[in-house]
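Read the structure below first, then the notes.
So you know, we letter chains A, B, ... as the sequences are listed, proteins then strands, and number each from 1.
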Amino acid sequence: MKEISDLNFSENVKYTKDHEWAKLNKDIVTIGLSDYAQDQLGEIVFVELPEVGDIFTKGDEFGSVESVKAVSEVYLPISGEVVEINGALEDNPELVNEDCYEGGWLIRLKPDNLLELDDLMDKAAYLDMLKG
Amino acid sequence: MNKQPGTRGLIFNEPQLWDKSRKGRCAVSLPRADVKRCQLDASLVGESPELPQLSELDVVRHYTRLSQWNFGVDSGMYPLGSCTMKYNPKTNEVQAARQGFASAHPLAGDEFSQGALKLMYDLEHLLGEITGFPAVTLQPAAGAHGELAGMLIIHAYHAKKGKQRTKIIIPDTAHGTNPASASLCGYESINIKSGEKGILEPATVAAVMDEDTAGIMITNPNTLGLFEENIKEICEIVHAKGGLVYGDGANMNAIMGIVKPGHLGIDVLHLNLHKTFSTPHGGGGPGSGPVGVSKELIPFLPVPRIEKDLTRYRFVTECPDTIGRMHTFYGHFGIMVRAYAYILSMGGKGLHRASQLAVLNANYIKESLKDTLNLPYDRPCMHECVFNDKHQQVFHVTTMDMAKRLLDYGFHPPTVYFPLVVDAAFMVEPTETESKENIDQFIDAVKAIVQEAQETPELLKKAPLLTKVTRLDEVGAARKPCLRG
Amino acid sequence: MRYLPHTKEDIDEMLAKTGLASLDELFKTIPDALKTKAPLNIPEGLSEWDLNEHMESLASTNIACKNYKCFIGAGSYDHYIPSIVPYLISRSEFATAYTPYQPEVSQGTLQGIYEFQTMITELLGMDIATASHYDCGTALAECALIALRKDRNASKIAVSSLVHPHHRQIMETYLHAAGYEMIQIPRTREGLTDLAALGAMEGIAGVAIQSPNFLGNIEDLSAFKAIADTQKILFIASFTESLAYGLLKNPGSCGADLVAGEGQSLGIAKGFGGPGLGLLAGTQKMMRNLPGRLIGKTKDANGDDGYVLTLATREQHIRREKASSNICSNNGLNAMTAAIYLATVGKIGIREIAQQNHDKAVYLKTALEMVGFESVFDSPFFNEFVLKAPKGFARKRADLISNQCIFAGMDLEPYYPELKDHYLFCATETVSKKDMDQLAKEVQ
């Protein structure tokens, strides 16, 4: 596992304490795992995602990410309806390791309440939490 | 240092069965057809399955070569923590293979199966004597199956009392089968932490035990190899709120003739015949997981039960409160025969001695290696001791690296990365059947490896070097599963 | 005791290292009040000679000690076991190894079980077979749980009343505590599961059908699959006689989503009912829902082929309370036995043996009908069938066992009270024409 200083934290996303990130583009929010989360998990072998149309509340478990010897549940930073899932992860789960902020995104959501995004951390706050 | 057991040796490559297959070969002598051939309706008949076509020697050589790629207790010391890899006596195999046992049809009827019934009845009582329970069922097919039987009994007990409960307390040292078995009964696991000494504190249990909690699952000795000294108090706390105490007897090998779990307040306990009672692990099974219960829980035991009327034995299924049937017939009878032969061979004194020596061996290893490897809980242990890689981290050498290097020295590695309460655990259970010389050799090997970790860490990263294959790509195996040829 | 190597000197030296004065002191962390006061009430250990004598005395009070003629099956079958099967499986490198957690020194077990998985998928026409389960009944209960967990809107499972009665009892045990319900599908007068009754059932997550069923009759699995599809539920097929699929159309080609079977017929002794071999297979879609171990093929660091336990995140040691099952130990050595058996009989042998089972069963049925037994069902069967016995058979049957070691069928009344005087017969390749003629003569 890497030192925090060796990890990459995107400026353009917001973070949760469970190490997911969320990014608003027009009215759709994309959700993924932070570099810290993927590094902790190690080589990811399988990503379980919900189905398009599933409706969740903030904090719900919406899937899981597996390495060879561990499973980690992923939780939604905001409430809403799933509008797209990252199908590329089915055959290439390693995208989460290699490109967690772009090609390794997990799901896209139509949010119920954009204000929920304000509860999330920016890069600086997230880094503070990690260094805690 | 004495010469270590691991060395070079010629073994053979061997392809998959179907690569050896040649059309027209057959390794079985087919019975002579002495009645008329009757064709089933063509709509019911399928293609003949594409099984390999081999000669008898092809098959013999295939499996002989495969076997040579394996490490078993008969090959060398196998100090796999929590698994009790003791010697599997050969006479047990002879006993199980007797025609009267091996050829017995399970539905032949009680009258024609008295020998099998008596053996099972007597084994139940022997295990009852060892564990201190008034009744034992032999039906569960493995340890986890025994846990499930035990949890079903607890579930049925609460149902009978008129109020089902929703939770079960599970300490952080528990085997993964504990929470998995509990959740099959719909119980939510309440995980609690062990105290600083590596054992449970009564106050921790008292803090979560309430009248919605069905009970607690305790492994004693626990998976750190420590005796849960507060067991009696914990049982009282759980009982006071109407709960029951489940004992995981996986580690019974430490306490035969010393402590009887049934006398401590434990209500239901499973054993592993393939651990404590010397039956072979078979590369993953079949095992057997008998369950002992307190008097109050006898009505809930799975059916059929065995009863004795004067001199005759019979199966009984009419038990109104039973949890039901757990196995198609009576459990793993062949494993029961082996365990029974073991207990009779050892005798009461021999079993007690076995536990003493198992604990002696573990403490000897603990004392001999505690200056070499980090020992998170430095207390007198039972049958196993748990180290970790804390001192090797500066060289970027992990528990896994040391485990793999042990293979080159000719030892099976200990259990690694379990129990979860110790980071990168290295869990050694020598068992009583290893001699002092074997154990000294193992200690020397670990010391040599720790030295290597410091001097040539890259060597450990590549280990094992002498095995049929080197480290395998488990990530690739999981990303693109290939589960059939 | 010959299993315990310690000399007095060893013990003294080892105790000295621990700083303790006696073996008893090793247990000083156990409060005295918790220790047992009396020694174990178990007699002194037996010598191997005495043990042999004692064990033979027990074994010989089982009728199986004689060469009995077995015309019963009902989940445990009398088949010929080629000599090489017990010979090879008793190699102690297989028998005395643990679960292959260290793959570098477990390639024998791993390749062997991978080949087992492969041959079972071939036999059953399925995509994936697990590394084994305890027996068919427990495997079937696990399949029911898979179906129920996948379907959040249903809490019931439909099970044919012609699934082995003991298997249904196991399912009841497993499902009841988990809060699920099992509903039974009645049978038709032809000894088959009532297709129409299933069609009328609602709120079910899956349907389980055994074929050949407990009465020996071959079910139309494809027809059940069609109904399962209409109802969008999982179709589970089960069987107790694995050799049937040396001849019959396999469950996979009939559309089974999950299969639970008993593999005892594949080279494993009857052994008073256990250990047998639970077979559990599924389609590709079921991969991550399957319980228990799976072996996968991969490469080692040098690029050579090798095998590992894989997809372990489904299992209890990682996923704990959320695991797909609590199973840990399985019936691995019996899976290896079955693999050796399947490699031995091969494509040619399995077909011929299966065909002979059927031929003998047809012969026996006809022979018994000629001496007063009555055919009950007109459905096709594999190696088991039901006959209604003439008056006085029950006593004759008991005498035949006692006097001649012939087991002539199994009384069905305890399982199906309406089938009074009905017996389930079985004929395998181990009975000869002469044996069957003798049986017919004796019961005349």
Turns out that what part of Leu152(B) lies under 4.5 Å from chain C's heavy atoms comes down to side chain
Residue Thr430(C) versus chain B: region with a heavy atom under 4.5 Å: neither
Proximal component of Asn88(B), with respect to chain C [non-hydrogen, under 4.5 Å]: side chain
Heavy-atom proximity to chain C below 4.5 Å, by part of Ala182(B): neither
When you compare the side chains of Gln316(C) and Thr177(B), does any donor N or O come within less than 3.5 Å of an acceptor on the partner? no
Output yes when a side-chain donor or acceptor of Asp359(C) lies under 3.5 Å from a complementary backbone atom of Cys38(B), and no otherwise. yes
Rounded to the nearest 0.5 Å, how far apart are CG of Leu40(C) and CE of Met346(B)? 11.0 Å
Okay, side chain of Lys249(C), backbone of Ser43(B): is any donor-acceptor separation there less than 3.5 Å? yes
Answer with side chain, backbone, both or neither: which region of Leu264(B) has an atom nearer than 4.5 Å to a non-hydrogen atom of chain C? side chain
From Arg91(C) atom CZ to Asp74(B) atom CG, the distance as rounded to the nearest 0.5 Å: 11.0 Å
Checking heavy atoms, do the side chain of Pro31(B), its backbone, both or neither come under 4.5 Å from chain C? both
In this structure, are over 12 heavy atoms from other groups packed under 6.0 Å from His176(C) atom NE2? no
Pick whichever of Pro302(B), Gly334(B), Ser113(B) has the most heavy-atom pairs under 4.5 Å with chain C. Ser113(B)
Check whether Leu107(B) gets within reach of chain C through its side chain, its backbone, both or neither, counting any heavy atom under 4.5 Å. both
Could you check Thr109(C) against Asn70(B) for side chain to side chain donor-acceptor pair (under 3.5 Å), going step by step and ending with a plain yes or no? CA-CA 7 Å; Thr109(C) 295; Asn70(B) 257 17; 2.7 Å; yes
Are the side chain of Thr118(C) and the backbone N or O of Arg484(B) linked by a donor-acceptor pair below 3.5 Å? no
Measure from the ring center of Phe418(B) to the ring center of His317(C) and say whether it is less than 6.0 Å. no
Looking at Lys349(B), Arg353(B), Lys462(B), which makes the most heavy-atom pairs under 4.5 Å with chain C? Arg353(B)
Going by distance alone, is a donor N or O of one side chain under 3.5 Å from an acceptor N or O of the other, for Asn52(C) and Gln95(B)? yes
Using non-hydrogen atoms only, which part of Tyr87(B) is less than 4.5 Å away from chain C: side chain, backbone, both, or neither? side chain
Presence of salt bridge, Lys468(B) and Glu104(C), under 4.0 angstrom: no
Answer with side chain, backbone, both or neither: which region of Pro82(C) has an atom nearer than 4.5 Å to a non-hydrogen atom of chain B? side chain
ring-ring contact (aromatic ring centres under 6.0 Å, His included) evaluation trace for His166(C) with Phe329(B): CA-CA 8 Å; His166(C) 294 172; Phe329(B) 295 109; 5.8 Å; yes
What part of Ile113(C) gets closer than 4.5 Å to chain B, counting heavy atoms only: side chain, backbone, both or neither? neither
Using non-hydrogen atoms and a 4.5 Å limit, figure out which bit of Arg319(C) sits close to chain B: side chain, backbone, both or neither. neither
Using 30° and 60° as the class limits, which term best fits the ring planes of Phe94(C) and Tyr63(B): parallel, tilted or perpendicular? perpendicular
Pairwise distance CD(Glu13(C)) to NZ(Lys436(B)) - rounded to 0.5 angstrom: 4.0 Å
Using a distance-only test with no angle check, is there a side-chain donor-acceptor pair under 3.5 angstrom linking His6(C) and Ser435(B)? no
Measure from the side-chain N and O atoms of Asp300(C) to the backbone N and O of Leu472(B), and report whether any donor-acceptor pair falls under 3.5 Å. no
Name the residue from Lys434(C), Gln356(C), Lys360(C) that meets the side chain to side chain donor-acceptor pair (under 3.5 Å) definition with Asp34(B). Lys360(C)
Pair Thr328(B)-Asp135(C), side-chain donor/acceptor within less than 3.5 Å: yes
Examine the side chains of Ser48(B) and Arg351(C) and answer whether a donor and an acceptor come within less than 3.5 Å of each other. no
Region of Arg37(B) that comes under 4.5 Å of a non-hydrogen atom in chain C: both
Tyr98(C)-Tyr78(B) aromatic ring centre distance below 6.0 Å: no
Looking only at side-chain N and O atoms, does Asn326(C) offer a donor or acceptor that is under 3.5 Å from a partner on His145(B)? no
Taking side chain as everything from C-beta outward and backbone as N, CA, C, O, which of these in Lys404(B) sits under 4.5 Å from a heavy atom of chain C? Side chain, backbone, both or neither. side chain
To the nearest 0.5 Å, how far apart are OG1 in Thr138(C) and NE2 in His327(B)? 6.5 Å
Should the pair Tyr330(B) and Phe272(C) be assigned to parallel (<30°), tilted (30 to 60°) or perpendicular (>60°) ring geometry? tilted
Please look at Leu34(C) and chain B and tell me whether the side chain, the backbone, both or neither of the residue comes under 4.5 angstrom of a heavy atom of that chain. both
NE2 on His105(B) to CE on Met410(C), rounded to 0.5 Å: 8.5 Å
Between Cys328(C), Ala177(C), Gly346(C), who has the most heavy-atom pairs with chain B when the cutoff is under 4.5 Å? Ala177(C)
